[in-house]
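For ligands, and for the atoms within them, numbers begin at 1 and follow the listed sequence. Just so you know, these numbers use all the heavy atoms, side chains as well, and skip hydrogens, waters and symmetry mates. A quick note: this is a predicted structure, and the numbers were derived from the prediction, not measured.
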Amino acid sequence: MTATVAPTATVFNYTYQSAAPDSKGRVPPSIRKIAIVGGGTAGWMAAMILAHKLGPRGVEISVLESPAVPIIGVGEGSTPWLRGFFDMLGIEESEWMPQCNATYKCGISFRNWSTRPGFESYFHPFASMLDNLTLTQFVHNAQARMNGYDVEAHPDKFFISSYLAKNRMAPKPSRNFPFDVWYGYHFDAALVGQFLHRKAVERGVKYTACHVTNVNLEENGDVRSVTTKEAGEVEADFFVDCTGFAGLVIQKALGTPFVSFADNLFNDSAVAMPTPMGDKMASHTVSDAMRHGWCWEIPLTNRYGNGYVYSSAFCSADEAERELRERLGMLDSPEEARHLKMRIGRVTKHWNRNCLAVGLSQGFIEPLEATALLFIQRTVQQFVDALEEGDIGEAARDRFNGKVNQHFEGTRDYIVTHYKTNTRKDTDYWRANAENTKISDALLELYAIWMSGKSIAPEVGSQRLGKGYPIFSWFCIFAGMGIFPEKERLRKPDGRGPSYSMAEIDNLLQRSLLNFRGQRETLANIPPKPREESLQIYFW
Ligand SMILES: Cc1cc2nc3c(=O)[nH]c(=O)nc-3n(C[C@H](O)[C@H](O)[C@H](O)COP(=O)(O)OP(=O)(O)OC[C@H]3O[C@@H](n4cnc5c(N)ncnc54)[C@H](O)[C@@H]3O)c2cc1C
């Protein structure tokens, strides 16, 4: 076999930090008081991280939340990085998960995005240590198939997470199993907000229910204070804008420009409805392609969260609601649907003057891969890192903004790939997505490399695409969507390269499954986390 040589796997070690709050490290003396405006998930996650990192160094953290403006109340799925958030804060799963109706998440199943035979659905797994036993085989086979050899290259056959999801098992192995498995969570967004609110106040964060009516600027353009209806004028040295799509401080007051992604991510609306939880509780998110977008299906302990994300340029709100109700068998149900608008894109500067934008105020890439909470977490963490370096001048802000923007663009390009590689022909929406030429040069280059049969690993690793998603995810999306030569054109392997037995791989994964239990059973008795847990994730 003459397929291009698979890249070498290297190990990325991720070790959970101990929960002790930091009291060392410098914080610029000009920052003594930080006011967070907004009490949605972004506001409370930011408050928790800042209180943990800066509270012990004497920085006062407060949250101002409007009693009149509700939180967006969606956002029920996470990436695995949320584990690090709770661990850093020393909050056990057995404490927060039951209070937030949370479940474990093995990954996301994409159904009906591709019409290529054999590739009508695929699973985007959270890869982990155990997958190192089968990852090389997957990458090798994907490359070989791209080069015309008839070998198995569907990602679902190679990852433990897809096996777990198929069997509705939780990704928590028994204690004597020597491999950790990476996972994310599903949760009730409103309950997570309330949980974090309680915790933050316990940890010294000040809370004021007040509606901000004006943002007052200094002569030099910095933010001096905010005027509120209930609490008068509130001054601070630094402001964190968590006001959601309103972007009250970062956009409206400071005039930070917004870069729209509407050219290549068409969806701008959503409609959501819950359904009751049945007997069987899934352990993954479902993302099913619909006529003008896609539907999510998220299992919580007490219900399913469902929603249809669509483009208003192709479909009306009524049509979308009808299609969602049809799917859920709720055409005649009195249950009300919630309609939402989304603004897709990002601000040019997430840190502008003495204001940091976190959450929907800084930007949003549609929820297809549930990445928004990760942006919140990373933005605040990287801000703390920058403060600790002691420099909050323009150069430091530019460096910070450059990093956050790369993360946004890399993630955006990954999400765009879902749409660009679709082969549905049933509506103008899908045809427009497949034919869209307004995609980044980086992504065009990556497609060209994949189509040439060469490895995409160096390209992903060397530029910003890798800042959004690790290389195995890029392999999964191309292979999972079935971007290979047509089946009839494939030839038998010629025996010159390695050949892997799919029966052995299946056997290995089936035997591994014996160390896991069902989602419902695991949630009934969540084990405590070991004090120091080392997690290894494989990238190239
Ligand atoms: C359809 C959809 C699905 C999503 N799914 C996911 C997902 O699966 N996973 C994921 O990670 N993310 C998801 N998200 C994103 C996620 O919901 C948000 O990132 C997250 O909830 C954070 O929102 P936020 O706190 O920035 O804004 P919001 O929840 O809108 O909070 C804004 C806060 O600002 C306050 N406020 C507003 N104006 C004022 C004022 N004048 N004075 C004082 N306070 C004010 C409000 O009271 C509120 O507390 C989804 C988003 C949408 C639209």
Do R32 and D237 sit within salt-bridge range, that is, some charged N less than 4.0 Å from a carboxylate O? no
By the ring-ring contact (aromatic ring centres under 6.0 Å, His included) test, which pairs, at least two apart or in different chains, include something from residues 254-286? F123-H284
Sorted by chain and residue number, the ring pair (Phe, Tyr, Trp, His ring centres under 6.0 Å) partners of H418 (sequence neighbours excluded) come out as F110, W113, Y414
Taking the inter-plane angle between the rings of H197 and W44 on a 0 to 90° scale, is it parallel (under 30°), tilted (30 to 60°) or perpendicular (over 60°)? parallel
Which N or O atoms of ligand 1 sit under 3.5 Å from a protein N or O, and how far apart is each pair?
unit_1   : atom_1 : unit_2 : atom_2 : d
ligand 1 : 8 (O)  : G77    : N      : 3.3
ligand 1 : 9 (N)  : G77    : O      : 2.7
ligand 1 : 11 (O) : G77    : O      : 3.4
ligand 1 : 11 (O) : A372   : N      : 3.3
ligand 1 : 11 (O) : L373   : N      : 3.0
ligand 1 : 17 (O) : V74    : O      : 2.8
ligand 1 : 25 (O) : T41    : N      : 3.4
ligand 1 : 25 (O) : A42    : N      : 3.0
ligand 1 : 26 (O) : L360   : N      : 2.9
ligand 1 : 29 (O) : I72    : N      : 2.9
ligand 1 : 30 (O) : I72    : N      : 3.4
ligand 1 : 34 (O) : C242   : O      : 3.3
ligand 1 : 41 (N) : V212   : O      : 3.1
ligand 1 : 42 (N) : V212   : N      : 2.9
ligand 1 : 44 (N) : S66    : N      : 3.1
ligand 1 : 47 (O) : S66    : O      : 3.4
ligand 1 : 47 (O) : V69    : O      : 2.6
ligand 1 : 49 (O) : G39    : N      : 2.9
ligand 1 : 49 (O) : G40    : N      : 3.4
ligand 1 : 49 (O) : E65    : OE2    : 3.3

Considering only heavy atoms from C-beta outward, does the side chain of N405 approach that of F400 to under 4.5 Å? no
Would you tabulate the side-chain donor-acceptor contacts of residues 240-253 under 3.5 Å, counting partners in other chains and residues two or more places apart, or write 'none'?
unit_1 : atom_1 : unit_2 : atom_2 : d
D241   : OD1    : T243   : N      : 2.9
D241   : OD1    : T243   : OG1    : 2.6
D241   : OD2    : L248   : N      : 3.3
D241   : OD2    : V249   : N      : 2.7
D241   : OD2    : I250   : N      : 2.8
T243   : OG1    : G247   : N      : 3.3
T243   : OG1    : L248   : N      : 2.9
Q251   : OE1    : R343   : NH2    : 2.2
Q251   : NE2    : S361   : O      : 3.0
K252   : NZ     : A246   : O      : 3.0

